[in-house]
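Encoded as structure tokens, the structure appears first; notes follow it.
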Amino acid sequence: NAGVMQNPRHLVRRRGQEARLRCSPMKGHSHVYWYRQLPEEGLKFMVYLQKENIIDESGMPKERFSAEFPKEGPSILRIQQVVRGDSAAYFCASSNAQGSYNEQFFGPGTRLTVL
Amino acid sequence: AQSVTQPDIHITVSEGASLELRCNYSYGATPYLFWYVQSPGQGLQLLLKYFSGDTLVQGIKGFEAEFKRSQSSFNLRKPSVHWSDAAEYFCAVGYSGGGADGLTFGKGTHLIIQP
């Protein structure tokens, strides 16, 4: 049973370009969370999605960032017009039910570097 | 709002010695508490979790943690560390009041093992 998959593992973009990060949850999981980890920091919650729905986006920056989790295919975190401050590791986690007491399984992360 | 404090940024321990990593949280109700470990370039792996009941919880890899409500603490312990325990350790709090499901993480403690 494959774990949470994220791709690409490393992504380099120039300022102003778009970044697309993909996350395939564990088999049977329909709940996806995105977190951002800045250097020397802990993970910060960004957004929580279920299939075709955004449930909680309280940690998502208001501009340039968007997320989706379509009925078919992986969850996508999209960053438009990237800036140097977007450089970070972005982690996806999945769970099999709603509620923070349900274990979240983390992917290996995508490390975004903005030149 | 909930918050997590890990007061030790770095800890160095000799192989075979005991370990205690500190975690304090701020939350208005009984929290869900987690410890995760992150090896370099990897995602997070759950070590153990506390929801209710016995305040001393056992986890994987020989780790345990004790929930102390009076001190708002959830310290991680291991009686004898191995070189393979060198990693970043994160304490996290989950929201038990319904609604938000993202975890709140501390900034992490970097564990260094001396031979």
Side-chain angles (χ1 to χ4, degrees), chain A residues 2-10 21 23-26 29-50 53-60 67 88-111 113, chain B residues 1-10 21-27 29-53 57 59-60 67 87-110:
Chain A
V4 178
M5 308 291 286
Q6 288 188 250
N7 68 82
R9 293 292 304 276
H10 300 274
L21 288 62
C23 169
S24 296
M26 284 182 69
H29 287 191
S30 59
H31 302 256
V32 166
Y33 310 78
W34 285 94
Y35 294 84
R36 177 165 64 176
Q37 184 180 31
L38 295 170
E40 309 300 325
E41 296 284 329
L43 279 71
K44 302 289 187 187
F45 168 75
M46 300 180 73
V47 62
Y48 163 48
L49 311 101
Q50 295 178 23
N53 287 301
I54 297 175
I55 307 301
D56 179 0
E57 56 182 346
S58 58
M60 193 87 105
Y90 292 83
F91 289 94
C92 167
S94 73
S95 67
N96 61 0
Q98 187 169 1
S100 58
Y101 50 83
N102 291 294
E103 182 176 350
Q104 295 181 20
F105 293 82
F106 284 80
T110 293
R111 281 149 183 84
T113 301
Chain B
Q2 60 210 48
S3 65
V4 179
T5 301
Q6 293 181 246
D8 303 307
I9 298 174
H10 300 277
L21 302 182
R22 296 184 289 166
C23 172
N24 293 96
Y25 66 90
S26 172
Y27 184 58
T30 300
Y32 300 137
L33 294 161
F34 307 82
W35 274 100
Y36 282 87
V37 60
Q38 183 183 32
S39 298
Q42 301 297 316
L44 278 70
Q45 181 183 22
L46 181 67
L47 287 175
L48 47 75
K49 59 188 177 184
Y50 171 80
F51 298 149
S52 64
V57 293
I60 62 171
F67 170 57
E88 193 83 17
Y89 290 81
F90 293 98
C91 181
V93 169
Y95 187 64
S96 63
D101 292 280
L103 301 179
T104 299
F105 285 84
K107 291 189 176 183
T109 296
H110 184 60

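We name chains A, B, ... by the order of the sequence lines, and we start the count at 1 in each one.
The residue among Val4(B), Ile9(B), Leu103(B) with the most heavy atom pairs within less than 4.5 Å of chain A is Leu103(B). Chain B forms more heavy-atom pairs under 4.5 Å with one residue of Arg9(A), Glu41(A), His31(A), Gln6(A) than with any other, namely Glu41(A).
Ring centroids of Phe105(B) and Tyr36(B) are separated by less than 6.0 Å, placing the two rings close together.
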Derivation of the side-chain contact (heavy atoms from CB on, under 4.5 Å) call for Gln6(B) and Phe90(B): CA-CA 8 Å; Gln6(B) 293 181 246; Phe90(B) 293 98; 4.3 Å; yes

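Contacts between Gln45(B) and chain A at a heavy-atom distance below 4.5 Å are absent for every atom of the residue. For Gln104(A), the parts lying under 4.5 angstrom from a heavy atom of chain B are both the backbone and the side chain. In this structure, chain B has a heavy atom under 4.5 Å from the side chain of Tyr35(A), while its backbone stays farther away.
At a cut-off of 3.5 Å, with distance as the only test, no side-chain donor of Ser52(B) or Tyr32(B) sits close to an acceptor on the other residue.
Side-chain contact between Phe67(B) and Tyr25(B) is present, with heavy atoms from C-beta onward closer than 4.5 Å.
Classified by interplanar angle (parallel below 30°, tilted 30° to 60°, perpendicular above 60°), the ring pair Tyr33(A)/Tyr48(A) is parallel.
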